[in-house]
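One structure below.
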Amino acid sequence: MNPKTYHHISSNPSSVKSRFTRGFLRAFKKIKRQQRPYLYGRVKIAADKSLALAVGSRRAWSRALLWKIHYKAWRQRSRFNNKKKLLKENKKNKKNKKKKNDDEEVGFRHAKELRKLVPGGEAMDLCSLLDETAHYIKCLITQVQVMKSVDQIYSF
Amino acid sequence: MSSRRSRSRQSGVPSITDDQISDLVSKLQQLIPEVRSRRSDKVSASKILQETCDYIRSLHREVDGLSDRLSALLASTDNNSAEAAIIRSLLM
């Protein structure tokens, strides 16, 4: 997909659904063709990656999810070469301290939990967190619907 | 802008209004099935956030379960490309 088109992609749920379906099916068939090990991990990654790509770069959570996927793949390759990186842990601690004040002042203790569940949630202010959460939930529902359909169709 | 905040804020950091937050929280309330039906009076924001976390976790579990089933399917069956064409036509 041409990177330039990312800016024009809408994050309207129904168009997300068709883009996700196409991307996920493509990845799914590729996994079947290649026949490499660790199928479960590959399918899960394909599902998350297709979802994030279908949403595009206009949402913080989809950007964070894509980053996380690429980072994990990179770390796995580096581990193969025997390297250790502590950067991620240090970054996490700094950002957590800043956002705690916001959450406590408004009285939301559960916001901390929510931050861990939504991709990129640690670095968002409370308003953005709630907004991103709403969109994230809609897209997760779409993901479940499409994967259920694919499962039903493939298992007759 | 009104705010319950009494401490001083760093300059350049925008303060959040209570209205904005209750707006966003009620948007969340519409999405979550358990809380949506109990529209009665006012469900506390804390409860909504709690339900949101539980709902996201259950959605994650569903996705994991479906990935499991799909990978089991890949491992066991011998599909040909005709089925892929069927799927494409049914889902588009």
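Note that the structure is a prediction, hence the values are computed from the model and not measured. So you know, we letter chains A, B, ... as the sequences are listed, proteins then strands, and number each from 1.
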Per-residue contact mode, B/D64 against chain A (heavy atom under 4.5 angstrom): both
Less than 4.5 Å to any heavy atom of chain B: does that hold for the side chain of A/Q143, its backbone, both, or neither? side chain
Anything under 30° is parallel, anything over 60° is perpendicular, the rest tilted; go ahead and classify B/H60 against A/Y136. perpendicular
With a 4.5 angstrom heavy-atom cut-off, is it the side chain or the backbone of A/V150 that approaches chain B, or both, or neither? both
B/L31 to A/A134 - nearest heavy-atom pair and separation: CD1-O, 3.4 Å
Got a donor-acceptor contact below 3.5 angstrom from the A/E132 side chain to the A/A60 backbone? yes
Does any backbone or side-chain atom of A/K116 lie under 4.5 Å from a heavy atom of chain B? Answer side chain, backbone, both or neither. neither
Between CD1 of A/I137 and OG1 of A/T142, what distance do you get to the nearest 0.5 Å? 12.0 Å
